[in-house]
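Input: a single structure, listed below in structure tokens.
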Amino acid sequence: MKRWVYRFDEVDEAEQSVGGEWDAVRGLLGGKGANLGDMSRLGVPVPPGFTVTTEACNAYLEAGLQFPEGLDDQIAAALADVEERTGRRFGDQDRPLLLSCRSGAKFSMPGMMDTVLNIGLNEEVVTGLIAESGDEHFAYDSYRRLIQMFGSVVLGHKDELFEQVLAELRARRGVTSDTGLSTEDLSEAAMRFRRIATAFPDEPREQLRLAVEAVFRSWNGKRAVDYRNAAGIAHDLGTAVNIQAMVFGNLGEDSATGVAMSRDGATGEPRLEGDYLVNAQGEDVVAGIRATKDLGALRKEMPAVYDELAAIAAKLERHYGDMQDMEFTVEQGRFWLLQTRDSKRTAQAAVRIAVDMAQEGLISRDRAVRRVTPEQVDFFLHPQLSSDARQASLVEGRLLGRGLNVSPGAAVGVVAFDPDLAQRWHAEGRRVLLARPETKPDDVHGMIASEGILTSRGGRTSHAALVARQFGKPAVVGMAELTIEPSDHVMHVDGKTISEGEWISIDGNTGEVFLGQLETYVPDLADRWLVTLLEWADELRRLDVRANADYPADARRAREYGAHGIGLCRTEHMFFEADRLPIVQRMIMATSPAERAEALAELLPMQRDDFRGLFEAMDGLPVVIRLMDPPLHEFLPGWEQLVSEVADRKIRLRIATSLEDLDTTLAELEHSEHLKVAVERLRETNPMLGLRGVRLSIVMPELTRMQMRAIAEAACDAAAAGVVVKPEVMIPLSIDRGELEWVAAILREEAAAVFDERGITIPFMIGTMIETPRAALTAGALATVAEFFSFGTNDLTQTTFAISRDDAEASFLMNYVSLGILGENPFATLDDAGVGTLIRSAVAAGRATRPEIEVGICGEHGGDPKSIALCHGYGLDYVSCSPLRVPVARLAAAHAAMADVS
Ligand code: PEP
Ligand code: MG
């Protein structure tokens with residue numbers, strides 16, 4: 001006889017029948033049935049029950065809704081076992097057994113199929129339940145729930161018919177919730193429900209059989225079919241049915257019900273946490289009608305139960321290798337576990353739990369590293385709402401609502417409904433939060449000026465969400481209950497009106513929005529669990545992680561965060577410092593070699609100090625220093641500004657009242673005109689495609705020499721002080737091997753001169769950025785000169801797509817992403833198909849010419865987890881990212897390496 005039914009404690013037999021594969025057990029018993037079996041096998045006291053297999057379901061459906069032969073008898077036998085284990089009898093008045101009947105497919109399909117609870121009740125059995133529980137209200141409530149569920153699920157009556165009756169009774173009683181109904185009301189409800197569900201069977205076994213059939217049929221219900229189509233689940237799997245004894249936590253003072261987490265979900269501390277209620281039903285705990293007690297009290301009130309719970313929690317953690325979230329019931333002193341699942345937790349708790357569990361031997365280090373997400377590490381890098389402030393705000397009713405948590409971190413500011421206003425307030429030094437129904441490319445300037453972004457419409461890939469993530473701004477979007485009326489300068493939510501300029505706080509981790517200025521804190525990156533986890537990640541990753549750092553302070557910080565060198569120092573950033581800019585301008589505007597040499601001589605010691613600081617901070621690690629890159633006009637005032645300055649000074653000259661005034665105005669005018677001439681000379685229609693990068697080094701060799709001298713002298717000085725220096729001089733924006741040959745000759749000559757003067761030689765490398773398609777396409781030739789490549793994917797993306805990296809995001813690019821034309825913003829996540837193809841071929845060609853060539857990436861993509869995974873695949877040696885992204889990159893690189901292995 002075919003086996004259609006397995007008791008929960010017969011999971012071993014089920015496993016054998018399918019050849020020992022757990023996946024096949026899940027196929028036979030469904031996910032829920034397999035887990036219940038698994039728990040029974042572990043010796044966890046789950047309420048007894050049995051599973052009717054998916055094969056029985058398929059046989060029933062195939063046979064035109066006929067129970068397969070033997071199923072009735074097998075159910076009867078399994079039921080007798082449940083009766084024996086519980087000491088209760090199905091259909092008896094005396095200690096009645098009630099059953100639940102739930103669907104459970106191989107893959108979870110939440111809420112898609114049917115459940116019937118309290119099976120086994122009728123007029124007589126209800127009286128037995130009253131006698132046992134002493135609680136008439138509970139007994140009638142259970143009864144009316146059975147008829148209601150049975151009526152709608154099994155008999156197909158519309159649920160509204162039942163809800164209408166309840167609404168009438170509530171109105172009559174003057175209460176708003178069903179819990180306010182009296183025993184009489186509930187008994188009346190049961191009676192009236194039976195008039196709707198006229199076919200409701202009194203006979204418990206008939207109830208059970210019909211419920212099982214209904215669950216079988218629900219596999220082909222419209223909801224379930226639609227869900228499977230959407231989720232890509234096969235239609236021929238069938239559902240199992242789990243029939244289980246109902247247990248009650250409300251049968252007196254020795255009964256209780258509660259929820260427990262095996263660790264603290266907020267901090268990750270290894271201690272049981274949860275709430276319970278004595279003499280109550282599960283939903284009382286969740287509904288918050290009665291004040292629940294902390295599990296600490298259970299230890300005193302029911303010590304044996306507490307110990308059992310603690311032991312089971314530990315056992316389940318060991319078995320599943322993860323923190324568990326459990327529901328339990330104590331029925332007349334007997335402990336039952338109703339459910340367990342992997343628990344939700346904060347990012348901080350996730351890190352601590354992963355590390356603790358590995359150290360406790362519950363999971364491997366690999367698994368601990370794999371379990372923490374880059375987003376969870378990112379949590380440590382953003383300000384967060386203080387949990388006390390959050391708690392107090394909840395109590396004070398300052399939670400305005402929740403939206404989608406699309407970009408992490410907390411933001412606090414005065415609310416502005418208009419991007420121009422946000423920008424103005426920001427310029428005045430106020431902290432602003434931009435709230436809009438939705439955002440558009442026109443709003444980007446206001447978004448950048450804001451601490452965070454809130455919208456009432458839109459989803460995870462809305463413009464607001466994409467831009468917020470791009471700029472690292474906390475954001476909550478799609479808060480449907482919020483109505484924003486920018487023209488009236490107000491927003492409404494939940495009956496409250498908030499005016500422009502009022503303080504609000506948003507939590508981009510949870511999606512919560514609060515009224516008021518909540519306190520925030522910056523999490524501790526030195527958190528000892530995070531530090532350990534990242535050390536483990538370091539052991540697993542193949543990619544090195546360097547940092548983009550221009551100043552010694554950034555370099556020191558990057559090193560603290562675990563950077564293994566500097567992948568990019570943008571030397572020009574130091575030229576923008578207030579005390580250097582006038583010298584840089586003099587250097588640019590020089591009309592004679594002597595004048596230029598004088599300005600460069602002034603810059604030399606400054607650059608030398610900068611570089612020495614970097615070498616010291618990175619003692620023993622490589623430091624990539626890039627030669628001057630941007631177009632020179634960026635160091636000069638704008639053309640329009642100079643035109644108006646000149647005009648203004650000419651007027652002042654005419655109205656000058658004293659000789660002294662005349663003199664200063666004349667000098668100023670001359671200066672402005674001088675600058676104007678220089679700007680005119682440097683003006684280009686397409687500066688990004690103009691005189692920049694290596695082209696500058698060629699037209700201004702004196703500048704190149706000065707930078708190389710500064711690097712070499714700094715290296716000699718640092719080395720003399722005992723620092724191990726590893727300079728790598730990087731030539732930007734090259735397009736041809738000829739350029740590299742030309743510049744490398746100057747660099748080597750200047751370096752040799754310095755080493756000669758100092759009497760020591762410091763080995764250094766010369767390499768180039770690959771930032772143009774031509775560089776990538778001729779990488780084999782470039783590698784004859786370049787000892788390393790660094791992919792400048794900001795420019796490489798710009799030049800490959802012919803999309804401006806400066807303007808596109810505020811213009812059309814985000815629309816491309818929301819419309820699905822582009823899957824991702826290519827400036828945030830590497831475009832594997834296009835830019836990636838160039839990188840792959842450049843790496844191959846570079847290595848073919850020079851096998852030991854070092855290859856890395858220093859564009860913004862170097863800090864993006866998805867791009868890091870791609871870089872791992874391209875076989876790069878390192879990624880370089882901003883110091884704050886280093887911890888995220890370390891983890892992402894480990895994940896990439898692990899994915900590669902499996
Ligand atoms: C790049 O283009 O990717 C790069 C790192 O250089 P920059 O951003 O300075 O142009
Ligand atoms: Mg660049």
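Throughout, residue positions are numbered sequentially from 1 according to the sequence presented. Order of listing sets the numbers, starting from 1, for every ligand and every atom in it.
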Would you say Asp420 and Gln423 are linked by a side-chain donor-acceptor pair, where the criterion is simply a distance under 3.5 Å?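 Side-chain D/A pair, Gln423 to Asp420: absent.
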
Using heavy atoms and a strict 4.0 Å limit, residues surrounding ligand 1 turn out to be Leu568, Arg570, Arg626, Asp629, Met769, Glu771, Gly792, Thr793, Asn794, Asp795, Arg805, Cys858, Gly859

Out of the N/O/S atoms in Asp795, what is the name of the one closest to the Mg ion (ligand 2)? OD2

Please give the atom name: the N, O or S atom of Glu771 nearest to the Mg ion (ligand 2).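 Answer by atom name: OE2.
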
Looking only at atom types and distance, does a side-chain atom of [X] sit under 3.5 Å from a main-chain N or O of [Y], one as donor and one as acceptor?
| X | Y | answer |
| --- | --- | --- |
| Arg626 | Pro732 | no |
| Gln798 | Arg805 | yes |
| Thr772 | Ser734 | yes |
| Asp443 | Lys440 | yes |

Lys/Arg-Asp/Glu bridge criterion (N-O < 4.0 Å) met for Arg692, Glu634: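 No, this pair does not count.
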
Does OH belonging to Tyr816 count more than 12 external heavy atoms closer than 6.0 Å?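 Count not over threshold, so no.
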
